2 protein chains.
Amino acid sequence: MGIEERKEREKEHRKEEILDAAQKVFFDKGLPTATMDEIAEAAELSKGTLYLYYKSKEDLYLGVMMRGMQVLFSEYEVLAASLDSPLRKIIKLSELYIDFFASNRNFFRMFHFLQMPQFHKQVSEEMQQYCGVETRRLWDMVIGIMKKGMEAGILRSDLDPTEIGIILWSSSSALMMRGDTEGDRWKERFNIDLSHTLEVSNRLFLNAILTDKGRKEFAAI
Amino acid sequence: MGIEERKEREKEHRKEEILDAAQKVFFDKGLPTATMDEIAEAAELSKGTLYLYYKSKEDLYLGVMMRGMQVLFSEYEVLAASLDSPLRKIIKLSELYIDFFASNRNFFRMFHFLQMPQFHKQVSEEMQQYCGVETRRLWDMVIGIMKKGMEAGILRSDLDPTEIGIILWSSSSALMMRGDTEGDRWKERFNIDLSHTLEVSNRLFLNAILTDKGRKEFAAI
DNA sequence: AGTATTAAATGACTAACAGTCAGTATATAA
DNA sequence: TTATATACTGACTGTTAGTCATTTAATACT
């Protein structure tokens, strides 16, 4: 009785095809300018069909966004499983995020939508749930890497690994976001290269959270 | 010939009345859910009239947002003109922003719209221009305070005052934003109080950018 | 095979809303 | 009192998210 299973697979496949189409259109136009008709056109389906698979345009948007999250997550997974030293893992954590920003700009921009519920009009409970669960997996991974660093004695033990994780992540995000949208203006107005600013920020912060041992190891790299 | 002038005043007054109405509605419902008809109703004007004063719903939203920016700006202005020491000014700069976040949550949320052009559909060139100019005034003030700190020898002179300003601002913003939208979840999931995390972040960062002299003064406070 | 049943897809339709503009009312000038 | 300019109105248009009665296709049954 493989028919049920095949149908299930085809259904999943159709969902992915719709995401492919939505991704193209959203990358091109952004959430408010993209239309469901365009996405249907791109998917070679009727608009009604889109709604058999996703509850709203915003759900579809978040569906695409979650692909970006998965990309980042799987890169972190590789990092966490690697044989690098705890310090190198923490450094690479930042670098990976910066690389992700550089090569997946469109996904990066989408991330912010999740965090701004005041711009949600039709996000379904389920999708919000799903996003929350996956986001948490990402955080657990980041926090896990921080904890390892603390156990290895390179991170100050008077700090909370979760707090450090969120601070590092948030400050990086914020600077990348500003670099993305206002990088040129900062360059011409203040002669500031925001990607340099991000490096400075991470270096300052890293030095602030490392133990003497950690700082020595860091200096040796 | 004071008629022209009076009319000019009345026009400005009408613009403000419209902003009052828009503020109420936007605070209540957020950008996507608020409707121009509601705002017109609240302003006791017809919808058409709104468009004599503002080019689009998004322009109106940014108009309200700029009021929040002015509030923050004028508080910074008082601080900059105060007789506090350079170090105290820098500390108060953070505190002021945190206070603003606490007591003007709705304005704070609006700030993010400006920074996300991917969610702009109808923002006029003029409004964008206006926002840019005012934002720059705010930045100049922040950067000015940092420069004074550097001249006073309490901030490391190998760092760029503009970079320090933007890092401090961005990391604070990001943590407040997360606290705003996900504070409860972080509390229950990780037992983290994000307003505490913000304090930690600012303290770590401050210690990282202060000179020995600055750190001594800081410890004495 | 032919027929019944179930599932997938369609696209015309509705409702809601941003933005427009021809027309009205009000104030000033002649 | 009449003419002109200015402020305002609200019915109207165009667009688009989301729906649903109907059609099409696939599977099950006899």
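Keep in mind that the numbers below use all heavy atoms, side chains included, and drop hydrogens, waters and symmetry copies. No experiment lies behind these values; they were computed from the predicted model shown. Below, read A as the first sequence line, B as the second, and so on, with proteins coming before strands; counting in each chain starts at 1.
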Peer 1: Taking 4.0 Å as the cut-off, does a side-chain nitrogen or oxygen of Y53(A) come that near to OP1 or OP2 on dA9(C)?
Peer 2: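 Answer is yes, contact under 4.0 Å.
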Peer 1: Checking all strands, does L52(B) fall into the base, sugar-phosphate, or nothing category for heavy-atom contacts under 4.0 angstrom?
Peer 2: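 Base contact.
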Peer 1: Where each residue is assigned the nucleotide of DNA chain D containing its nearest heavy atom, which of T49(A) and P32(A) is assigned the position nearer the 5′ end?
Peer 2: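 By nearest-heavy-atom nucleotide position, the 5'-most residue is P32(A).
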Peer 1: Would you please classify the geometry between the F108(A) ring and the F111(A) ring as parallel, tilted or perpendicular, with 30° and 60° separating the classes?
Peer 2: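 Tilted.
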Peer 1: Using the six-membered ring wherever Trp is involved, compare the ring planes of F113(A) and Y61(A) and label them parallel, tilted or perpendicular (cut-offs 30° and 60°).
Peer 2: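 Answer is perpendicular, since the angle exceeds 60°.
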Peer 1: Measure the distance from CZ on F26(A) to C1' on dA17(D) and round it to the nearest whole Å.
Peer 2: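 After rounding, the reported distance stands at 12 Å.
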Peer 1: May I ask you to say what A40(A) touches in the nucleic acid, namely base, sugar-phosphate or nothing, with a heavy-atom cut-off under 4.0 Å?
Peer 2: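 Nothing, no nucleic acid heavy atom in range.
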Peer 1: Separation of H13(B) atom NE2 from dA7(D) atom P, in whole Å?
Peer 2: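 Spelled out: NE2 on H13(B) to P on dA7(D) is 16 Å.
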Peer 1: Could you tell me whether A34(B) contacts a base, only the sugar-phosphate backbone, or nothing, with contacts defined as non-hydrogen atoms closer than 4.0 Å?
Peer 2: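 The answer is sugar-phosphate, as A34(B) gets under 4.0 Å only of primed atoms, P, OP1 or OP2.
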Peer 1: Any carboxylate oxygen within less than 4.0 angstrom of a Lys/Arg side-chain nitrogen, looking at K24(B) and E38(B)?
Peer 2: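 Salt bridge absent between K24(B) and E38(B).
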Peer 1: Rounded to the Å, how far apart are M36(A) CE and dC13(C) P?
Peer 2: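 Atom-to-atom, M36(A) to dC13(C), this comes out as 20 Å.
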Peer 1: Taking the side chain of Y51(A) as its heavy atoms from C-beta onward, which of dT10(C), dG19(C), dA17(D) lies nearest to it?
Peer 2: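 Closest nucleotide among those given: dA17(D).
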Peer 1: Among E126(A), Q122(A), M127(A), find the one that has a side-chain contact (heavy atoms from CB on, under 4.5 Å) with D59(A).
Peer 2: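 When side-chain contact (heavy atoms from CB on, under 4.5 Å) is applied between D59(A) and each of E126(A), Q122(A), M127(A), only M127(A) qualifies.
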Peer 1: Return whichever of E10(A) or K57(A) has its heavy-atom-nearest nucleotide of DNA chain D closer to the 5' end.
Peer 2: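 Counting from the 5' end, the first nearest nucleotide belongs to K57(A).
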Peer 1: Return the value, rounded to whole Å, for the distance between atom CG of L50(B) and atom P of dT9(D).
Peer 2: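 Taking atom P of dT9(D) as the reference, CG of L50(B) is at 9 Å.
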Peer 1: Could you state the atom-to-atom distance from CD1 of I39(B) to C1' of dC17(C) in whole Å?
Peer 2: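 To the nearest whole Å, that distance equals 12 Å.
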Peer 1: Is it true that the NZ or CZ of R136(A) lies under 6.0 Å from the centre of F190(B)'s six-membered ring and within 45 degrees of the ring axis?
Peer 2: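 Here R136(A) passes the 6.0 Å and 45° test against F190(B).
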Peer 1: Report yes or no: is there a donor-acceptor pair, N or O only, under 3.5 Å between the side chain of K47(A) and the base of dG18(D)?
Peer 2: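 Yes.
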Peer 1: Could you tell me how far apart D37(A) (CG) and dG18(D) (C1') are, to the nearest whole angstrom?
Peer 2: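 So the two atoms are 11 Å apart, to the nearest Å.
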Peer 1: Rounded to whole Å, how long is the line connecting atom NZ of K11(A) with atom P of dT6(C)?
Peer 2: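 Atom NZ in K11(A) sits about 15 Å away from atom P in dT6(C).
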Peer 1: Distance check needed: dG10(D) P versus E41(B) CD, whole Å only.
Peer 2: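 For the pair E41(B) CD and dG10(D) P, the rounded distance is 11 Å.
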